[in-house]
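Structure record follows, encoded as structure tokens.
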Amino acid sequence: MDMEVDEEVVLHPMQTEKAFTPTPDYSDYQVSFASTGTPLVIDNVVFDNQMAKFRDRKANTSNTYIGNDVYADVLARSNARSAFDGPVMCNPEIMEAVLDYIFIKMGIDADRIAHPLVMTEPVCVPHYNRNLMSELLFESYQVPSVTYGIDSLFSLYANGPERSTDGIVVSSGHHYTHMIPVSQGKVHLEHAKRISYGGEPASEYMLKLMQMKYPTFPMKMTTTQSESLLINHCYVAKDYLGELASYEDPEVFKTKDRVIQFPFVAPVVEEKSEEEQARLAAKRKEQGRRLQEQAAKARLEKLIQREQELEQYNGLKNSKSTLKKAEWAEQLKSMGFKEEADLDAAIKTTDAAIRRARNKELGIEEEEKEPPTFPLVDTPDEELSELDRKEKKKQRLLKASHDARMRAKAAKAEETAYQEELARQDAERREQEPQKWLEDIHGKRKELVDKIKAKKQLREQLSDRRSHASQLRMKSIAALASDAPPPKRRRKGQDEDTFGQDDEDWMVYREISREDDSEDEEEANQLNEYEQQLLKYDPEFLHEHTMNAYTPKNSFLHYYTNGLGPYDPAVGLSLDQTYQLHLNVERIRVPEALFQPGITGLDQTGLVETMQDILKRFDKQARDRLVQNILVTGGMAQVPGLIDRLDQSVQSILPFSPDQRNYSVRRAQDCLLDGWRGAAMVARDSERMNKISVTRQEYEEYGGSYIKEHGLGNAHS
């Protein structure tokens, strides 16, 4: 992959917190709507049904924030709670506070709400939860009537009432994605399908991908920020696998990679004046002088200590003639010596150390060491005493060690001369036959690269216990570990070797398969030498052709994480780059889960397969009507490319029609607000409202879970 450096990187700033948008107040209620009985339409999907209630101890006040106002305060954000569990209302206390807030913002200041209500609800809401909502509305607010409807069906109605009798609504909302078929004005909820993937799961999936991609990112990323990445940067690819493959092209990668810049505070570098710099330099000089004095004092103390030790050693040595042998041996042992030879060695070592320290203080260079002598080595044992024989053995070992060092030194000098001669011959050959010399270097480099790659591949195979190479090696190890050699032919009934089936056998294998890295280091150094020569003398051999250019830190995985810009591992990333995220593959991977939920771990079918399953449940005439009106609505419907991909995919599951296009896939005019618009259109139709509304009398008679079935709501069961 030949990567090029991007000349100019466009940065996309990331907000640390969700922007606060205050909810407006409506002041014309008393004049225009107070006594009209105009229906109120509440879309629970659009409004942020959350409340934060806490006590500020510093200000000694109790605070309550509702809806979007929660984002205005840090403490409110941390204490926010929702009235909904997923799409279903389950906390009437918070919901009552939210409704109070709504009515106050609308300017309603009365003991009861004298307006019919039209309210959205999710698909197949449980009776218990609807009963909670109805009980809250009828008992707490004394509303005259309530009409419930599914938000996505209201959106279908808003995008053409005349076309709302037949079609398939694909509602990709905040929590789930639903497909609801409508045939001849009847909602077939028994054939409706749900995919457990929507805006919130997509945001969480984006957050997980970013956390795995940047495990050491200096800031903690939030779901609000991952939601921002989903909304502003993601799109649906027409061909997911094909687009992934195109990312290997650097030109394509540059157009797809988005750099997200998180805020950071650059360190303040104080510029010092010349006087301050001079003062600091003098201070550093004074500190250096003090350190030198301390070091000299420490050396002097150590020298005095060694002189005292030498005096003690010499005193012990001289006392040998005046003390008895047993007494002198006891003193020798008390000073930590086993025999007199150890004392002599300590005297010699301490005296040499003292002499070196004094010479260093006086600035006297040490004279070259004379070669050691071994006078007792050639003397026959008959002429030596018992003590001299022990000394002779020691001198013999020292002489062998000295001779070995001399031979190694001579061999090293000979090898150095040999390498210098080879380098001279190589330089002469390079000047005389430059082209042939380059061909030889290229050939040697290629051979070495192939060898390194083969060893790397073998290591990868050996790390997998199921690979053929590992099995062969295990059999060899088992044969070597066996006391008896294996027979050439296994007889019938003979037990098979099971070594390697247990994890403990593989632990043994790992212990004995540790290899020395010295050979790999030599090969790497040799390869680096070849490549340095080619970079210097071959103009066609560039840095991108070196093997390091293909290592993981410079491969596609590196650019996938850090972009196409220049990167020096020795220097690392700059401060602003440390606070950057590179969004590339994730831009298409997150929304692709709508078509392939398996990539997120969901054991469900995607949009196309789910739609195909729904169509199979209707006859041909009904299928033809359904596919003529496929409406996509909900927040996830705003992702660019979704309609084109769905249009292309639906065509693949329908029978071929050479005459004309026999299906239609369209996006709602307003994917977020069309649910409210459709409910408002229904609320304006007073005749229809009288038929589908649940009055207070019907609530008291049938209970809170009772609803009237209509073409835009749930079924009553």
Side-chain angles (χ1 to χ4, degrees), residues 18-26 28-29 33 38-50 66-71 82-84 87 89 95 98-99 101-103 105-107 115-123 125 146-164 167-180 182 198-200 202-203 227-228 230-232 629-640 642-643 665-685 688-689 710-713:
K18 188 173 182 178
F20 166 61
T21 304
T23 305
D25 295 326
Y26 298 94
D28 59 343
Y29 171 77
F33 302 104
T38 304
L40 303 180
V41 181
I42 299 177
D43 186 1
N44 284 321
V45 177
V46 174
F47 189 76
D48 203 345
N49 296 293
Q50 59 180 347
I66 305 292
N68 294 334
D69 295 348
V70 168
Y71 302 107
S82 176
F84 286 72
M89 196 279 289
M95 192 67 205
V98 170
L99 290 174
Y101 177 83
I102 292 174
F103 296 142
K105 284 292 184 180
M106 295 180 68
H115 299 270
L117 286 184
V118 180
M119 185 173 287
T120 61
E121 66 178 7
V123 181
V125 63
V146 177
T147 302
Y148 295 107
I150 300 174
D151 56 334
S152 56
L153 296 180
F154 279 142
S155 179
L156 176 66
Y157 188 75
N159 283 271
E162 68 284 352
R163 300 183 62 182
S164 63
I168 297 179
V169 181
V170 181
S171 175
S172 187
H174 189 60
H175 296 93
Y176 305 108
T177 298
H178 290 94
M179 284 192 184
I180 307 174
V182 181
E200 185 179 27
S203 300
E227 181 182 353
S228 174
L230 172 65
I231 294 173
N232 298 321
N629 185 23
I630 300 176
L631 179 72
V632 186
T633 186
M636 286 289 287
Q638 301 177 106
V639 178
L642 176 61
I643 302 302
V665 180
R666 61 193 177 110
R667 181 189 282 114
Q669 295 178 3
D670 191 330
C671 297
L672 296 178
L673 298 179
D674 275 353
W676 183 91
R677 289 177 57 245
M681 293 169 63
V682 172
R684 292 191 187 101
D685 190 346
R688 186 172 186 177
M689 281 285 291
H710 54 94
L712 301 175

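Owing to the predicted nature of the structure, the values given are computational and were not obtained by experimental measurement.
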Q | Exam field: side chain His710 to backbone Tyr148, donor-acceptor pair closer than 3.5 Å | A | yes
Q: Could you tell me which residues satisfy ring pair (Phe, Tyr, Trp, His ring centres under 6.0 Å) with Phe103, sequence neighbours excluded, listed by chain and number?
A: Tyr141
Q | For Glu121, all residues meeting salt bridge (Lys or Arg N to Asp or Glu O under 4.0 Å), sequence neighbours excluded | A | Arg130
Q) Is the side chain of Arg688 donor-acceptor paired with the backbone N or O of Val682 at a distance under 3.5 Å, no angle test? A) no
Q) Looking only at heavy atoms, which two atoms of Ala683 and Val41 are closest? And how far apart? A) CB-CG2, 4.0 Å
Q. What are the two closest non-hydrogen atoms of Ala83 and Met95, and how far apart are they?
A. CB-N, 3.8 Å
Q | Pairing residues for Thr633 by the side-chain hydrogen bond (donor to acceptor under 3.5 Å, both in side chains) criterion, not counting sequence neighbours | A | Ser155
Q | Distance, nearest 0.5 Å, that separates CD1 of Ile66 from NZ of Lys105 | A | 11.0 Å
Q | Asp43 side-chain N/O to Gly675 backbone N/O, donor-acceptor pair under 3.5 Å | A | no
**Q.** Note, Phe154 side chain near Val118 side chain (heavy atom, < 4.5 Å)
**A.** yes
Q) CG/Asp674 to CG/Leu631 distance, rounded to the nearest 0.5 angstrom? A) 8.0 Å
(Q) Using the side-chain hydrogen bond (donor to acceptor under 3.5 Å, both in side chains) criterion, which residues pair with Ser82? Sequence neighbours excluded. (A) none
Q | Spacing of CD belonging to Glu200 relative to OH belonging to Tyr176, to within rounding of 0.5 Å | A | 9.0 Å
Q. Does Thr120 reach the main-chain N or O of Asn44 with its side chain, forming a donor-acceptor pair under 3.5 Å?
A. yes
Q | Residues in side-chain hydrogen bond (donor to acceptor under 3.5 Å, both in side chains) contact with Ser171, at least two apart in sequence or another chain | A | none
Q) Which residues pass the ring pair (Phe, Tyr, Trp, His ring centres under 6.0 Å) test with His115, sequence neighbours left out? A) Tyr29
Q | Any side-chain heavy-atom pair of Arg666 and Asn629 under 4.5 Å | A | yes
Q. Quick one: CD on Gln50 to CG on Asn68, what's the gap to the nearest 0.5 Å?
A. 8.0 Å
Q: Rounded to the nearest 0.5 Å, what's the gap from CZ on Arg684 to CE on Met689? Could you check?
A: 12.0 Å
Q. Do Gln638 and Leu672 have side chains that get closer than 4.5 Å, going by heavy atoms?
A. yes
**Q.** Nearest heavy-atom neighbours spanning Arg667 and Ala637
**A.** NE-O, 2.8 Å
Q | Met636 to Gly198 - nearest heavy-atom pair and separation | A | CG-C, 3.9 Å
Q.
I'd like to check Ser152 versus His178 (side-chain heavy atoms, cut-off strictly below 4.5 Å). Are they in contact?
A. no
**Q.** Spatial distance of atom CE (Met106) from atom CD1 (Ile42) [nearest 0.5 Å]
**A.** 7.5 Å
Q. Do you know which two heavy atoms are closest between Leu230 and Gly199, and how far apart they sit?
A. CD2-O, 3.9 Å
